[in-house]
Amino acid sequence: MSPVQQYTNARVLISKIPENTAPNKSHFRTETITITAPELKENELFAKTLVISLDPWIRHTFPEGTSEAPVVGYAIARVLDSKNPKFPVGALIFGPGEWAEYNHISDPEHLADVNRYDGAIVSSGLPLSTFNGILGVPAFTVWHSLRKVADLKEGETIYISSAAGTLGQIAGQLAKRKGLRVIGSAGSQEKIDYLIDELGFDAVFNYKTQDKKQALLDAAGPKGLDIYYDLVGDETVDIALEILNPKGRVISIGTLNMHNNLPVAPIRNAEHILWKQLRFEGYTVFEFYEHFPEFWEEAVPLVKSGELKYKEHVAEARRADGSLDLQVVSESYVDLLAGKHSGKVSVHVADL
Ligand SMILES: NC(=O)c1ccc[n+]([C@@H]2O[C@H](COP(=O)([O-])OP(=O)(O)OC[C@H]3O[C@@H](n4cnc5c(N)ncnc54)[C@H](OP(=O)(O)O)[C@@H]3O)[C@@H](O)[C@H]2O)c1
């Protein structure tokens with residue numbers, strides 16, 4: 001009998017966060033445990049984490065109870081052992097797992113969310129982290145939702161909230177490529193300058209310091225606003241409903257407001273949907289992953305040529321001596337929620 005292989009597994013735990021409190025570094029703890037390579041049952045996987053994707057929504061999966069629990073997020077990982085024909089040993093996957101170096105993926109719900117991610121990754125020659133952001137789920141969400149529900153028309157005007165975030169930056173660039181006038185909002189002058197100077201947004205206002213309605217009216221100008229691409233879920237939706245042109249659209253994609261424990265604003269202006277024949281539509285990406293290859297075919301060349309620009313922050317979890325420091329995962333996550341980065345935030349754990 002071959003000896004059972006053992007692994008040293010670093011992982012991140014979280015304790016209960018009091019209500020109306022943004023997560024801070026004291027809510028997290030890192031531990032290192034020794035695990036044995038699992039005896040896999042049918043369909044199960046054992047995988048090594050390569051690059052962790054930090055996403056604002058993970059905040060909603062944090063435990064309600066008082067005991068500590070592992071944080072479950074998403075990552076690109078390499079399959080080390082498999083009893084699942086869809087994901088053989090060596091395959092690259094993107095799916096849910098603990099913020100940990102190794103994951104035994106056995107829960108059927110989690111398995112259903114695992115996606116084969118080899119696709120364009122290896123042949124593209126682009127950093128693995130880009131497949132968390134500009135070539136990953138965020139960009140795919142934007143690409144697909146703009147096609148499927150936003151119905152962009154050349155000459156229209158679109159407003160994107162949280163424009164300097166991962167999805168916002170991509171939405172602005174794709175809408176520009178379609179010939180729209182693009183308005184965004186962001187929380188600092190540095191982000192505003194980047195969106196205008198580097199990404200070609202037509203107008204960007206500071207949603208923290210400016211009156212949103214007036215700023216939006218000024219930015220939209222005489223042609224008005226046709227589409228609100230909502231990543232935030234706050235009271236801006238009421239402003240948008242009020243000022244949208246007839247037959248305008250609100251595309252509901254994100255609720256960043258909720259991730260920071262701020263309330264999602266009730267909609268008070270619903271009558272405009274009726275009188276202006278507006279369309280208010282939500283979109284979730286989960287059921288559309290089979291279109292990823294189509295997206296990669298279009299997006300990889302644009303990213304390689306620099307036509308599609310991106311900013312990302314990739315934190316390093318390896319110390320100089322090669323040991324693992326997963327504390328950077330929770331630290332980077334707290335910074336992400338506080339708006340300290342612009343663009344996708346990932347943590348590099350291991351190379352391809
Ligand atoms: N529907 C789907 O299928 C789908 C798929 C992927 C993601 N999403 C959702 O899309 C949203 C955006 O995701 P993302 O990855 O682009 O986020 P992100 O990159 O993490 O964006 C974070 C940025 O949002 C801004 N922000 C934070 N709170 C805000 C608030 N209350 N109002 C306005 N801006 C705020 C901050 O920048 P500032 O400095 O500018 O404030 C922060 O840097 C999230 O809600 C995410 O869950 C939806």
Side-chain angles (χ1 to χ4, degrees), residues 22-23 52-61 73-74 94 96 113 115 129 132-150 159-174 184-196 199 201 204-210 212 215-216 228-237 239-240 250-265 281-289 291-292 295 310-314 332-347:
I52 294 174
S53 167
L54 295 183
D55 302 288
W57 62 263
I58 297 171
R59 201 236 165 292
H60 302 295
T61 66
Y74 273 67
F94 178 76
D113 276 350
N115 283 278
S129 55
N132 274 344
I134 189 74
L135 293 167
V137 172
F140 175 71
T141 301
V142 173
W143 176 82
H144 194 249
S145 64
L146 289 181
R147 284 180 160 206
K148 191 168 167 58
V149 291
Y159 164 53
I160 300 157
S161 50
S162 181
T166 312
L167 273 71
Q169 293 188 22
I170 299 160
Q173 293 182 80
L174 293 184
S185 56
S188 74
Q189 192 57 44
E190 193 190 339
K191 291 182 181 184
I192 292 172
D193 291 344
Y194 175 71
L195 292 168
I196 293 178
L199 302 190
F201 277 62
V204 184
F205 63 88
N206 188 326
Y207 74 94
K208 289 182 178 166
T209 59
Q210 289 179 258
K212 285 183 200 158
L216 199 46
Y228 174 34
Y229 194 76
D230 184 10
L231 294 167
V232 173
D234 69 359
E235 77 288 352
T236 313
V237 76
I239 299 170
V250 175
I251 309 302
S252 177
I253 298 285
T255 50
L256 278 166
N257 226 28
M258 273 175 81
H259 309 319
N260 278 331
N261 269 357
L262 295 168
V264 170
E281 188 161 348
Y283 170 94
T284 52
V285 72
F286 315 109
E287 64 205 271
F288 302 112
Y289 287 141
H291 297 290
F292 245 112
F295 160 68
Y310 66 99
K311 248 192 182 175
E312 62 174 2
H313 175 79
V314 186
S332 304
Y333 191 64
V334 170
D335 288 348
L336 163 93
L337 290 181
K340 289 202 182 147
H341 302 297
S342 73
K344 181 71 202 174
V345 183
S346 293
V347 180

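Every heavy atom of this structure was used, including side-chain atoms; hydrogens, water molecules and symmetry mates were not. Both ligands and their constituent atoms are indexed starting at 1 by order of listing.
- Distances below 4.0 Å separate heavy atoms of G254 from the following atoms of ligand 1: 9 (C), 10 (O), 11 (C), 45 (O).
- Counted by atom type alone, S185 and Y159 present one or more donor-acceptor pairs between their side chains at under 3.5 Å.
- For ligand 1, none of its N or O atoms has an N or O atom of L337 under 3.5 Å away.
- Atom CD of Q210 has more than 12 heavy atoms from other residues, nucleotides or ligands within 6.0 Å.
- Taking every non-hydrogen atom of Y283 and a distance limit under 4.0 Å, the qualifying atoms of ligand 1 come out as 1 (N), 2 (C), 3 (O).
- Here the side chain of Y228 pairs no donor or acceptor atom with the backbone of I239 at under 3.5 angstrom.
- Any N or O atom pair closer than 3.5 Å counts here, and S188 shares no such pair with ligand 1.
- For N257, the heavy-atom gap to ligand 1 drops under 4.0 angstrom.
- Under the 4.0 angstrom criterion for non-hydrogen atoms, V137 is not in contact with ligand 1.
- S252 and Y229 share no side-chain donor-acceptor pair at under 3.5 Å.
- The closest side-chain heavy-atom distance from S346 to L54 is not below 4.5 Å.
- Near T284, with a cut-off below 4.0 Å to any heavy atom, the atoms of ligand 1 are 1 (N), 3 (O).
- For the 3.5 Å distance criterion, the side chains of T141 and Y283 fail to qualify, holding no donor opposite an acceptor.
- A donor atom on one side chain and an acceptor atom on the other are found under 3.5 Å apart for D234 and T236.
- The closest approach between any non-hydrogen atom of H341 and ligand 1 is below 4.0 Å.
- The proximity of F286 to ligand 1, defined as any non-hydrogen pair under 4.0 Å, does not occur for either the backbone or the side chain.
- Contacts between K191 and ligand 1 below 4.0 angstrom, taking non-hydrogen atoms only, involve the side chain exclusively.
- Of all atoms in ligand 1, numbered sequentially from 1 with element shown, those under 4.0 Å from a heavy atom of A186 are 40 (O).
- Using cut-offs of 30° and 60° on the angle between ring planes, the pair F288 and H144 is tilted.
- In this structure a side-chain-to-backbone donor-acceptor pair under 3.5 Å is present from Q169 to A164.
- Every atom of ligand 1 is numbered from 1 in the order shown, and the set under 4.0 Å from a heavy atom of G165 is 16 (O), 19 (O), 21 (O).
- Counting atoms of ligand 1 from 1 in the listed order, those under 4.0 Å from a heavy atom of T141 are 2 (C), 3 (O), 4 (C), 5 (C), 6 (C).
- Shown here are the side chain to side chain donor-acceptor pair (under 3.5 Å) partners of K311, two or more places apart in sequence or in another chain: there are none.
- Between the side chains of Y74 and N132, not a single donor N or O lies within less than 3.5 Å of an accepting N or O.
- Proximity to Y207 (heavy-atom distance under 4.0 Å) selects the following atoms of ligand 1: 26 (N), 29 (C), 30 (C), 32 (N), 33 (C), 34 (N), 35 (C), 38 (P), 40 (O), 41 (O).
- Scanning I160, L167, N132 for the heavy atom closest to atom 10 (O) of ligand 1 points to L167.
- Not one N or O on the side chain of D55 forms a donor-acceptor pair closer than 3.5 Å with the backbone of I58.
- Listed by atom number, the atoms of ligand 1 under 4.0 Å from I253 heavy atoms are 1 (N), 2 (C), 4 (C), 8 (N), 9 (C), 48 (C).
- The heavy atom nearest to atom 20 (O) of ligand 1, considering only G233, P56, G168, is found in P56.
- No N or O atom of K340 sits closer than 3.5 Å to an N or O atom of ligand 1.
- Polar contact check, W57 against ligand 1: no nitrogen or oxygen pair lies under 3.5 Å apart.
- Remark: among candidates V232, T255, I251, the nearest residue to atom 32 (N) of ligand 1 is V232, based on non-hydrogen atoms.
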